[in-house]
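Here the structure is laid out as structure tokens; the discussion comes afterwards.
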Amino acid sequence: MTDTPLLSIRDLHIEGRAGEAWLPIIKGVDLTLHRGEVLGLIGESGAGKSTLGLAAMGYARDGCRISGGEIVFDGIDLRSASERRKRSLRGRRIAYVAQSAAASFNPAHKLIDQYAEAPLFHEVMTRAQAQSDAVKLYDKMRLPNPAEIGFRYPHQVSGGQLQRAMTAMAMACRPDLIIFDEPTTALDVTTQIEVLAAIRDIVRQFDTAAIYITHDLAVVAQMADRIKILLRGEQVEEADTRTMLAAPRAAYTKSLWAVRSFARALQPPATDAPIVSVRGVTAAYGKTPVLHNVSFDIHAGRTVAVVGESGSGKSTTARVITGLLPPTAGEVLLDGKALPPDYRARSRAQLRQCQMIYQMADTALNPKLPLREIIGRPAEMYLGLKGRALRERVRALLDMIELEPDAYIDRLPGELSGGQKQRIGIARALAADPQVVICDEVTSALDQIVQEGILRLLDKLQGELGLAYMFITHDLATVRAIADDVVVMQHGAIVEQGAKAQVFAPPHAPYTELLLSSVPEMHPDWLSNLLAARQSQT
Amino acid sequence: MHAVLKMIAQRLALGALTLFVVSIVIFGATELLPGDLASAILGQSATPETLAALRAQLGLNDPAPVRYWAWLTGALQGDFGVSLATRRPIADMIEQRLGNTLFLALYAAALAVPLALVLGILAALWRNTIFDRVANAGALSAISFPEFFVAYILVLWLAQSGYFPSMVRISPASSLADKLYMSFLPALTLTLVVTAHMMRMTRAAIINLMASPYIEMARLKGASPLRIVLRHALPNALAPIINVIALNLAYLITGVVVVEVVFVYPGLGQLMVDSVAKRDIAVVQAIALIFASAYVLLNLTADVLSTLTNPRLMKRG
Amino acid sequence: MSLPVFLILFLLGSFTLAFVFRATLSRALPHNQAIVARDMPLTAAFGIMVVAVYLFVAVFAPLLAPFAEREVVGAQFQPWGGAHLLGTDRLGRDMLSRLIYGARNTVGIAFATTALAFVVGAFLGIWAALRGGWLDQVLSRFVDALMAIPSLIFALLLLTIFGTSVLTLILVIAAVDATRVYRISRSVAQGIVVMDYIEAARLRGEGSWYLIRREILPNALAPLVAEFGLRFCFVFLTISSLSFLGLGIKPPMADWGSMVRDNATLITFGDITPLLPAGAIALLTVAVNFVVDWQLHRASGLKE
Amino acid sequence: MKNLTNRHGVTRRGLMQGAAALGAAGLILPAGMRKAHAEPQRGGTFRIGIGHGSSTDSLDPGLWDNLYVQVFAASRHNQLIEVNNEGQLVPEIAESWDSTDGATWVFKIREGVTFHSGKTVTPEDVLASLNHHRGEDATSAIKTFFDPVTDIRVDGQNVVVTLDAPNGDFPYLMSDYHLAIMPGTDGRIDPTSYDGCGPYVVESYEPGVQASLTRNPDYWKSDRAHFDRVEILSILDSTARLNALMTGGVDLIDQIDPATIGMLEARGTARILSIPGNAHYVFPMDSREAPFSDNNVRLALKYAIDREDMVDKILGGHGAVSNDNPIGPANRYFHAEMEAKTFDPDRARYHLREAGMDSLNVTLHVADAAFSGAVDAGALFAETARQCGINIDLVREPNDGYWDNVWMQKPFVASYWGGRAVEDQMFTTGYASGSSWNDSFWEHERFNELLVRARSEIDEDLRREMYHEMQQIVSFEGSVIIPMNNNYVMATALNVATPERISANWNLDGFRCVERWWFT
């Protein structure tokens, strides 16, 4: 490596607009990147990783401004460069790969047109060149049918393929630097593997420098040469990957490494009658079948984790149980009695028994209602509480979810953090005093430390209230942490089910095996080893 | 394409239902109007005897449902009958006026749509600049003047000084250039009236998309602002823009009676108002159905176009 | 004064006024609102200022107007100046006084009409989106059919049937407008009813009324308010157009729409008297929409 | 002889037109304008913008109802008898007419006149044209004219009409504009044809829009029809009409908004013609209903109206104050010496007190359909009445359907009369007990007695006395407020010349401007 770095950021300050005031987002970060080097940028949401990544392109989002420090890319001072100059760099010498490829591809244009766009207006190559080049890169990214996939529209291509196509697009002008902004976060674990592998290979092949932004330590361990950790806009520490994994120095880093420590105590096998019993449920959306003969039980005081990738039918199962989707065959029993298939036909008492917590707390809480009403409403409806009693109940519930009642009771959801919102979702479910709580991916949108808190809270409440949980998740680490029983689903059917220990111990069903092996591990060689292992099997 | 054809078929069926409801509503409303065709024709000179004679002649003594049924069966066979007031075939009365109405609507649309699109795009491109604010305020001012008033002002400026005629006298024999010249002022009036709405919608639809990740992506590719708006935002904003254009086109066809009056333009609106005054139900019904069909077809066209411009709806992956 | 000069002076004047107004507001208001006030664009400040002035004029019309609303005070078409600042109208009534009373009547009627249209249209629209199924189909088809009838002609029909008191005028225009409100409310609500919190409320067993009132309406408010701004202004125009076709507000009540119509012929002779009520409408339209745009902008969170 | 002439043709657009004021004096133009009247010249295209006309206008002569179709009819048709610009009957298709007993009328049909189609006008055509308005199933607006007619027959070149009772004024009826002479086939005219024997031949006609006509080369009147072409346009909006005249789009417009007359005159680009007649605007009160059943209330209202102001503001000065008198200055027995009623709040209050009231609340129903400016007139009335302790609640009714639903239905409304040439006609039609157009439902014993006696009174002075007394009664005890007589107001381009005298019988020179006027 040469002495002059490709990218050098010194004492960078970035501010975001909050009404009239400007609040700091990045508070004096330094960053140096040499040619061909991959830097992993780690932090929780709000740490400023994306902002920093974009600043490397001399770009600040609307409502943000770069207020101090310097950004020098290959000798060019990006802070003082003209818009035109910066435009000529972007896409050509510095490229960007966004988190959600589905949202970042323009739905109106074919992939190839979007691929060719930058090369054409940067006048790097002709349309024909770009097109043939694209096929090569698609091939390198191991996209199926590379010659034709470019002529599809984004919605016709799966998420994992899109993410690879986007990486190819970023490579189009053979940039010196690519910013990867959480490129695999939205993907299923099995898909993630392929994308990670493809990205790693192509970056190495073209010797492109990269900044790889993620919140997932295990992922960054596979991709980066060096890791830099950010916390609330400040750098915590930076080291090469193996050093960082082996010997984190800062307390914050250590806490990051430690989050996976929570695990629910093992419960004895259930002996009592199940509270909820799903019996041979088959369901369809219109004419599209989505569930095939699904049966399992949920017992009081126990947690059933339903695990599977997107489209496996796990959320649909929850919809059948809650009565949103009446099954075409089979039934759901509550306390041994069949529930009416449609929730509208269920009694208030039946509705009360089974409460739901949603994945996206943002859309699950009415942004215009104060917490008092969000939490209070079920208590008012089901338990007939009014006035003082209702207020006391709400306060008690806030206490239960570890939020200070006086400070929060009159807030709106918009004034809460993601984790706090999810706690409100829990409080709302508990307000009904239910027997069963369905948790639909309740932690997957949260940072790991926050996830940890939620899981602990749920566990505590289960102990106190004897609740039965049905825990829908795609994250096997979460399953390990919280489940008593596990149901593995694929393509709308149950692949394997049983007690946690039994499911996680070999021999596995093939799909369970694939799922388990695809979960990244915090070891720099994990990906290489896995790929090698899979290679040898086939 | 199959999905689109199916959609068209479905929407046409719904449109037929809409027309049916419209015909009932219009018939009912016309029935509720005080007085009837006979008293409207005879006016103040009506005497009980002449009224009775005229009613008998016009068949007004049948109960309303019978008359509606007679009209409906006729209309379904494509026979809209003759005007009860003038005894001319309704098709003849309407034909030329429909042509005039469509001509004026297209003329105004040809002026207004490009203008609105360009202004809307520029306003989105230079949003929150002086240009944006002035265009916005100007457009809002234009729609806050009543149509006839806009028309009078245009006449004051452009007709009294002799540039354009203050009233439209066209016949089927007039040449196109003549027609365009003659109808310039009404077309301009309508342009001023409808541009604002379309412009604001274009601007809003584009700006609405400017926060999308793919717009940021385009910026990060180094695309110029104009390119971002035209190539990345506009294609995705087409659906709402097409819809608002369709709505305004429908308005240009169906809602311009005031402009017709001011410029003495022989269009359908005036004919409808006259026929309402005369309680000439057959004519009112025929025109109401033409208007409703225009509305239905334009909305259908807008939906089809929106679908065609949206690859997600066109080709399911 | 030539038109461009006048326009430039007008723009400069309103710019300055808006600036001063904003500065005053951000001083006078308590801290939280002061920040909002200091933050708002000049256009919004201008809009709020104009609306405030209109409201003030409407409320205190009897105190502000030099003459009574319908009093004939002299010869017709007196020139501007003297006892009658803006001259007199075709019957010799004081133009300024009628403009001032017109603010009260016009704004009052327009508000009542729009409010009614929104109460009915929004309720039905949201209800249809919430319930879906046949109710939605029936309502939507019916509204479709009503919208397919040209609104002015439909209003004309209804007013002829039911007479033209202020009450029927309000009811008829509200009924015609409600169809438009229905459509937009329905589409806005359709975006909301798929949210998880609506599903949660449904699963809780909430009734339609609670869902509409507490769960949907508060979230649909922003786009509805924007529509309210435009519809509110269109009511003046509808009244004016109806007046053109011989219906409209009951004389001798002063209302801007009818005043434009009554004096419109004068513009033919280059007399700008009819510009006054028309200008009053235009100014209010622009002002209301500036405020609405600003509010939408704030609600959408789109940055400058 | 009820309904001698009818009062029809009121459409929703506030058209004002009355029936024939047959004897009314026309306008004698001021000396300064006379240079224009030198000698009629041939040539030019005369374009008329008329504030009436509807796409639903019918070609059926029995249904003609507005100024547009009236002028269009006068352009293509002739009648038996014409009313000239001095209000006298002159022969047209009837070369002469005569009656020995007043009950049998012989009309001698002019020979050598042809229709535009080339067919010669025969007495049979005349018979068919008359019969169109007569008989059981006739729908004509003037059907009642023929109620007393027992027989019409052709006798050589004559048409003979037999009445059930003598009527010396029958020829007046035969001058009515509905009685266009049209070609007959098997004794019937074709009511959808526009073949006529008038001054111009129809080239094209689009109802409610325009009619184009060219001069009839075979027109039998040699000194008439000076224009080569005539175009009649329907321009409903008064501003658009003004604009059309000012931008040279038309040469003549009718019904000028009084508010703009002054400004139009000041421009000097057009000439205003203002023709006084017997036409008048009225506010009838239903005398059967309280409070209008009390004459003191009626008088209070009559003193609570400012007539001068109304003439100024509603008519723009183009009219005259009326003293609640349906008989105008053009009538023979006009009573000019009655005590004039002025706006007098004290007097109004006095009459209110006499009626035992401190204040009065009444509702006045108006629409511009009643007469143009009726709504404004109502507003003015309400304003002056307020100063007399009378609160008039003004209700604006839709123009559409006004005559069906408001006039003679609501107790206090606005309306108009075209005026009548003969006192008896006016009183009989509008004020006699039981008359179907007695729109105030007024009954006055003395008046009714006088009305019958005056008809048969031969002594001129006695008759005058009786009519004066009747006018006195109507004015001070009647139930109709008549604030003003309105002129016919029109404007022409400066190059349009007219005869010295313009007929006060109907608007636009008795609809005959097309054949009487010319370009200089």
Side-chain angles (χ1 to χ4, degrees), chain B residues 14-15 17-26 29-30 32-34 127-128 133-134 136-137 140-149 152-153 155-156 160 197 200 204 207-208 210-211 250-251 253-258 261-262 269 272-273 276-277 284 287-288 291-296 299, chain C residues 11 41-43 46 137 141-142 144-154 156-158 160-162 226 230 233-234 236-241 243-245 257 260-261 264-270 274-275 278-279 281-290 293 296-297 300-304:
Chain B
L14 278 181
L17 179 69
T18 304
L19 295 190
F20 178 66
V21 176
V22 167
S23 77
I24 290 182
V25 170
I26 292 288
T30 329
L32 283 176
L33 285 175
R127 61 185 179 281
N128 300 324
R133 301 231 154 100
V134 168
N136 211 349
L140 283 171
S141 308
I143 50 168
S144 45
F145 282 148
E147 285 170 23
F148 61 84
F149 193 65
Y152 289 166
I153 292 178
V155 166
L156 174 66
Q160 288 196 10
H197 194 198
R200 280 172 66 83
I207 288 184
N208 192 28
M210 292 308 273
Y251 175 79
I253 291 175
T254 65
V256 300
V257 57
V258 170
V261 170
V262 173
M272 179 145 181
V273 170
V276 168
V284 174
I287 301 174
F291 284 170
S293 315
Y295 178 85
V296 167
N299 273 314
Chain C
L11 279 178
L42 270 184
T43 48
F46 176 72
Q137 281 301 317
R141 293 288 80 73
F142 186 65
D144 259 4
L146 291 189
M147 287 186 71
I149 305 172
S151 59
L152 195 60
I153 288 173
F154 197 42
L156 199 71
L157 270 176
L158 292 180
T160 308
I161 295 172
F162 297 113
L230 270 183
C233 300
F234 283 161
F236 307 134
L237 301 186
T238 311
I239 290 176
S240 191
S241 292
S243 166
F244 185 87
L245 295 176
V260 178
R261 171 57 195 153
T265 311
L266 298 186
I267 199 79
T268 303
F269 297 98
L275 277 176
I281 295 173
L283 191 61
L284 183 60
T285 309
V286 172
V288 165
N289 282 285
F290 275 167
D293 285 351
L296 273 189
H297 190 78
S300 75
L302 199 68
K303 302 298 192 304
E304 296 272 322

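Chain A is the first sequence line, chain B the second, and so forth, proteins listed ahead of strands; every chain is numbered from 1.
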(request) Look up atom CG in C:D144 and atom OH in B:Y295, then write down how far apart they are to the nearest 0.5 Å. (result) 5.5 Å
(request) Measure the spacing between CZ of C:F269 and CD of B:Q160 and express it to the nearest 0.5 Å. (result) 7.5 Å
(request) Name the region of B:V22, side chain, backbone, both or neither, that has any atom closer than 4.5 Å to a heavy atom of chain C. (result) both
(message) Just to verify, what does B:V21 make a side-chain contact (heavy atoms from CB on, under 4.5 Å) with, not counting sequence neighbours?
(response) B:V25, C:F142, C:A145
(message) Using 0.5 Å steps for rounding, measure from the OG1 atom of B:T18 to the CE atom of C:M147.
(response) 11.5 Å
(message) Please classify the contact between C:F162 and chain B as side chain, backbone, both or neither, with a heavy-atom cut-off of under 4.5 Å.
(response) neither
(message) If the condition is side-chain contact (heavy atoms from CB on, under 4.5 Å), which residues does B:L32 pass it with, not counting sequence neighbours?
(response) C:I161
(request) With a 4.5 angstrom heavy-atom cut-off, could you sort out which part of C:I153 is near chain B: side chain, backbone, both or neither? (result) side chain
(message) If I take atom NE2 from residue B:H197 and atom CZ from residue C:F234, how far apart are they, to the nearest 0.5 angstrom?
(response) 6.5 Å
(message) Can you tell me which of C:T43, C:L42, C:L283, C:L152 forms the most heavy-atom pairs within a distance under 4.5 Å of chain B?
(response) C:T43
(request) Pick one of side chain, backbone, both or neither for B:V134, based on which atoms fall under 4.5 Å of a heavy atom in chain C. (result) neither
(request) Give the member of C:I281, C:L156, C:L146 that has the highest number of heavy-atom pairs under 4.5 Å with chain B. (result) C:I281
(message) If I measure from the heavy atoms of chain B, does C:L237 come under 4.5 Å with its side chain, its backbone, both, or neither?
(response) side chain
(request) Could you check which of B:F20, B:F291, B:F149 has the highest count of heavy-atom pairs closer than 4.5 Å to chain C? (result) B:F149
